[in-house]
Protein chains: 4
Amino acid sequence: MAGSVNKVILVGNVGADPEIRRTQDGRPIANLRIATSETWRDRNSGERREKTEWHTVVVFNEGLCKVVEQYVKKGAKLYVEGQLQTRKWQDQQGQDRYSTEVVLQGFNSTLTMLDGRGDGGGASSGFGGGRGSSNDYGDDYGAPSSSSSSSRGGGGGNFSRDLDDDIPF
Amino acid sequence: MAGSVNKVILVGNVGADPEIRRTQDGRPIANLRIATSETWRDRNSGERREKTEWHTVVVFNEGLCKVVEQYVKKGAKLYVEGQLQTRKWQDQQGQDRYSTEVVLQGFNSTLTMLDGRGDGGGASSGFGGGRGSSNDYGDDYGAPSSSSSSSRGGGGGNFSRDLDDDIPF
Amino acid sequence: MAGSVNKVILVGNVGADPEIRRTQDGRPIANLRIATSETWRDRNSGERREKTEWHTVVVFNEGLCKVVEQYVKKGAKLYVEGQLQTRKWQDQQGQDRYSTEVVLQGFNSTLTMLDGRGDGGGASSGFGGGRGSSNDYGDDYGAPSSSSSSSRGGGGGNFSRDLDDDIPF
Amino acid sequence: MAGSVNKVILVGNVGADPEIRRTQDGRPIANLRIATSETWRDRNSGERREKTEWHTVVVFNEGLCKVVEQYVKKGAKLYVEGQLQTRKWQDQQGQDRYSTEVVLQGFNSTLTMLDGRGDGGGASSGFGGGRGSSNDYGDDYGAPSSSSSSSRGGGGGNFSRDLDDDIPF
DNA sequence: TTTT
DNA sequence: TTTT
């Protein structure tokens with residue numbers, strides 16, 4: 001089925017310093033927990049209420065992993081754009097479990113720092129080499145500071161998440 | 001935390017006729033399964049590959065539930081815009097489980113039919129009454145055919161999903 | 001045509017203190033200029049380049065206008081979600097001109113402050129009254145701090161922009 | 001300014017067969033007019049009203065241009081994701097004019113056919129070659145059927161729209 | 001005219 | 001576990 005769209009956009013704060021793991025063939029994978037929250041006023045009591053939602057964000061893209069590794073710390077405010085993916089795994093009792101994550105991989109994935117820390121050029125400059133080699137025109141235009149696609153000279157792949165991790169969230 | 005965004009946009013096909021349940025106080029809740037898929041070409045074999053992702057969409061909004069009830073059938077192509085929400089529940093062994101769903105509730109939620117079936121006006125006309133009462137201006141403008149907010153005269157609420165269902169996905 | 005979507009999402013900085021005008025019947029309209037920019041590295045010279053894009057954002061929604069009036073200042077970083085609208089007007093030579101704007105009006109419009117200034121509750125609390133009156137459930141849930149829909153008790157309308165302004169951008 | 005986002009998402013119908021032009025160095029540029037519309041009910045008269053908005057979409061991306069050329073016809077329903085760009089030009093009196101367009105170029109641009117015509121593989125297969133060469137992993141994964149980034153082996157560039165066209169919309 |  |  002062509003004709004489908006699977007897109008998640010989050011603006012929120014990172015709950016803890018990201019973990020970066022590596023696949024057996026050396027590619028990095030970053031895990032982030034991002035909080036979004038909504039506030040509203042209880043119409044009976046009039047008091048303010050808040051609900052926080054935690055999202056697991058998994059970055060398969062090499063370029064974006066570098067950005068995460070260098071700049072993203074606990075507390076950072078991020079814009080991320082990725083896709084929803086539900087992964088099946090077995091718990092210790094051998095039962096099927098499912099975890100849904102926001103995956104940044106391949107195209108149309110983006111990660112942008114929104115609080116000023118760490119955007120002194122690192123995000124984009126990190127990809128210069130890889131990208132240049134796949135772009136035949138005079139300008140290396142089109143590289144938003146940390147779009148997933150930027151790392152295309154270097155990665156992008158690893159579709160099946162066959163790491164030996166059993167940790168769901 | 002103000003300053004956060006939690007948005008999911010899907011365009012995909014409905015896997016089965018939707019189920020509509022009701023809360024104890026009578027509000028409807030619709031459950032949909034929506035498939036999105038991506039195709040790509042294996043760079044070694046050259047053959048075409050496809051991966052389908054299934055999403056659980058839960059519609060709490062009364063107006064959108066009516067649209068779902070009347071128009072959405074198995075196979076329909078939909079645009080939905082909602083938010084990510086992870087719900088905790090206990091399985092039969094008493095173990096904590098988590099299910100992540102795309103929730104259409106309150107503001108900034110939308111459901112639009114993309115294949116022509118059922119958009120003969122039903123979606124929007126269903127809300128006329130409720131909306132009119134909360135809008136003091138001459139035109140009842142601003143109601144996209146089936147935006148979640150449309151049902152504001154009638155609903156929108158039910159934040160805590162305290163239905164007695166144990167079904168995760 | 002049901003089955004359509006018209007959505008703009010911007011994260012950028014406000015170029016000048018917003019102007020707030022009023023319609024003849026007293027409703028506020030806020031105008032913002034928001035800058036987004038992209039940086040990339042020129043692949044020949046290796047030097048860093050940047051392109052800034054300026055967007056005109058017009059806020060018709062009363063609730064969001066209050067947020068703008070109170071909190072949005074030159075330099076603020078905002079997330080806005082609205083729709084594209086092209087408006088026709090005549091210049092002094094009587095020639096047709098067109099201006100395209102990002103309009104925040106009615107549903108699915110949002111404005112969120114991303115730099116901490118001014119989100120001490122004002123954004124959402126400003127609407128409590130209006131909203132409460134159009135929601136029959138126990139909780140006034142669903143009001144993101146400054147979603148356009150929040151002002152539904154008070155406004156939302158003014159579809160045709162028949163203000164007597166001739167200023168395009 | 002890193003930390004910015006400029007995104008437009010449209011679902012609508014194409015108003016006329018697309019025009020494809022070429023730059024002096026041979027790269028294609030496709031122009032589309034896409035209509036989105038909203039319907040609502042006038043709260044006084046009770047009658048149904050509709051407003052259609054026309055958007056100019058300019059496709060700089062070679063891969064997406066091929067998709068447009070082969071599959072997009074008048075009446076087609078499309079999902080497009082691109083960015084807002086305002087272009088300055090001079091009219092015949094030498095006056096400055098501005099036209100705002102939805103530009104599909106580089107990253108995070110997508111065009112997807114939503115009505116079944118033309119998604120028999122063409123969209124993605126068209127890019128196989130170009131992409132493969134910039135991806136070192138086993139699978140050519142990550143190519144949504146017609147994401148802009150797909151054409152990275154072949155194009156992507158042309159930032160400054162220095163065509164000799166004077167046609168605004 | 002913003003921001004980095 | 002973040003942030004306001």
Side-chain angles (χ1 to χ4, degrees), chain A residues 10-19 31-41 48-57 67 71-80 112-125 144-146 167 169, chain B residues 1-6 86 88 98, chain C residues 10-19 31-41 48-57 67 71-80 112-125 144-146 167 169, chain D residues 1-6 86 88 98:
Chain A
L10 302 175
V11 174
N13 292 281
V14 176
D17 286 348
E19 314 161 39
N31 270 266
L32 298 168
R33 292 282 285 166
I34 294 185
T36 56
S37 68
E38 293 182 274
T39 53
W40 70 100
R41 198 159 286 275
R48 198 158 182 214
R49 300 183 56 181
E50 175 170 20
K51 176 168 196 295
T52 296
E53 191 71 38
W54 285 97
H55 309 271
T56 298
V57 174
V67 175
Y71 301 109
V72 176
K73 303 293 173 214
K74 176 176 173 174
K77 176 158 284 188
L78 299 183
Y79 172 95
V80 302
T112 303
M113 314 263 327
L114 294 178
D115 44 11
R117 306 173 228 181
D119 46 21
S124 52
S125 66
S145 31
S146 39
I167 310 113
F169 267 9
Chain B
M1 174 177 57
S4 75
V5 173
N6 174 359
T86 298
K88 187 181 184 177
Y98 298 86
Chain C
L10 302 176
V11 174
N13 293 279
V14 176
D17 287 346
E19 314 160 38
N31 270 266
L32 298 168
R33 291 281 288 167
I34 295 185
T36 57
S37 68
E38 295 181 273
T39 53
W40 70 99
R41 197 160 287 277
R48 199 156 183 214
R49 301 183 55 180
E50 175 168 20
K51 175 166 198 292
T52 296
E53 191 70 38
W54 285 97
H55 310 272
T56 298
V57 175
V67 174
Y71 300 110
V72 175
K73 304 291 172 216
K74 177 178 172 173
K77 177 159 280 187
L78 299 183
Y79 173 96
V80 303
T112 304
M113 314 263 323
L114 294 178
D115 44 10
R117 306 173 228 182
D119 46 21
S124 51
S125 67
S145 31
S146 40
I167 310 112
F169 267 11
Chain D
M1 175 177 54
S4 77
V5 173
N6 173 359
T86 297
K88 187 180 183 178
Y98 298 86

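Just so we're on the same page: letters track the sequence lines, and every chain starts at 1. Since this is a predicted model, take the numbers as computed values, not measurements.
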>> To the closest 0.5 Å, what do you measure between OG1 (A/Thr112) and CG (A/Leu78)?
In response: 8.5 Å
>> Closest approach to the side chain of C/Trp54, judged atom by atom: which nucleotide of F/dT3, E/dT2, F/dT1 is it?
In response: E/dT2
>> For a quick check, tell me whether the side chain of A/Thr52 and the base of F/dT2 share a donor-acceptor pair closer than 3.5 Å.
In response: yes
> Rounded to the Å, how far apart are C/Asp115 CG and E/dT2 C1'?
Replying inline: 11 Å
> Using a cut-off of less than 4.0 Å, is there contact between a side-chain N or O of A/Lys77 and OP1 or OP2 of F/dT3?
Replying inline: no
> In whole angstrom, what separates A/Met113's CE from F/dT2's C1'?
Replying inline: 13 Å
> Quick one: B/Lys88 NZ to F/dT1 P, roughly how many Å, whole number?
Replying inline: 13 Å
> A/His55 NE2 to F/dT3 C1': how many Å, rounded?
Replying inline: 13 Å
> Which atom names give the shortest non-hydrogen contact between C/Gly12 and D/Ser4, and what distance separates them?
Replying inline: CA-CB, 4.4 Å
> Can you name the nearest heavy-atom pair linking D/Gly3 to C/Lys77, along with the distance?
Replying inline: O-NZ, 3.0 Å
> Nearest-Å distance, CG (A/Asn31) to P (F/dT1)?
Replying inline: 18 Å
> Considering only F/dT2, F/dT1, E/dT2, which nucleotide approaches the side chain of A/Ala35 most closely?
Replying inline: F/dT2
> Which of the following nucleotides, F/dT1, F/dT4, E/dT1, is nearest to the side chain of A/Glu50?
Replying inline: F/dT4
> What is the distance, rounded to the nearest whole Å, between atom CD of A/Glu38 and atom P of F/dT3?
Replying inline: 19 Å
> Atom NZ of A/Lys73 to atom P of F/dT1: distance rounded to whole Å?
Replying inline: 20 Å
>> Using 0.5 Å steps for rounding, measure from the CG atom of A/Asn13 to the CH2 atom of A/Trp54.
In response: 8.0 Å
> Going by heavy atoms in the side chains, are A/Val80 and A/His55 under 4.5 Å from each other?
Replying inline: no
>> What's the closest nucleotide to the side chain of A/Asn13 if the choices are E/dT1, F/dT3, E/dT3?
In response: F/dT3
> To the nearest angstrom, how far is A/Asp17 atom CG from F/dT3 atom C1'?
Replying inline: 15 Å
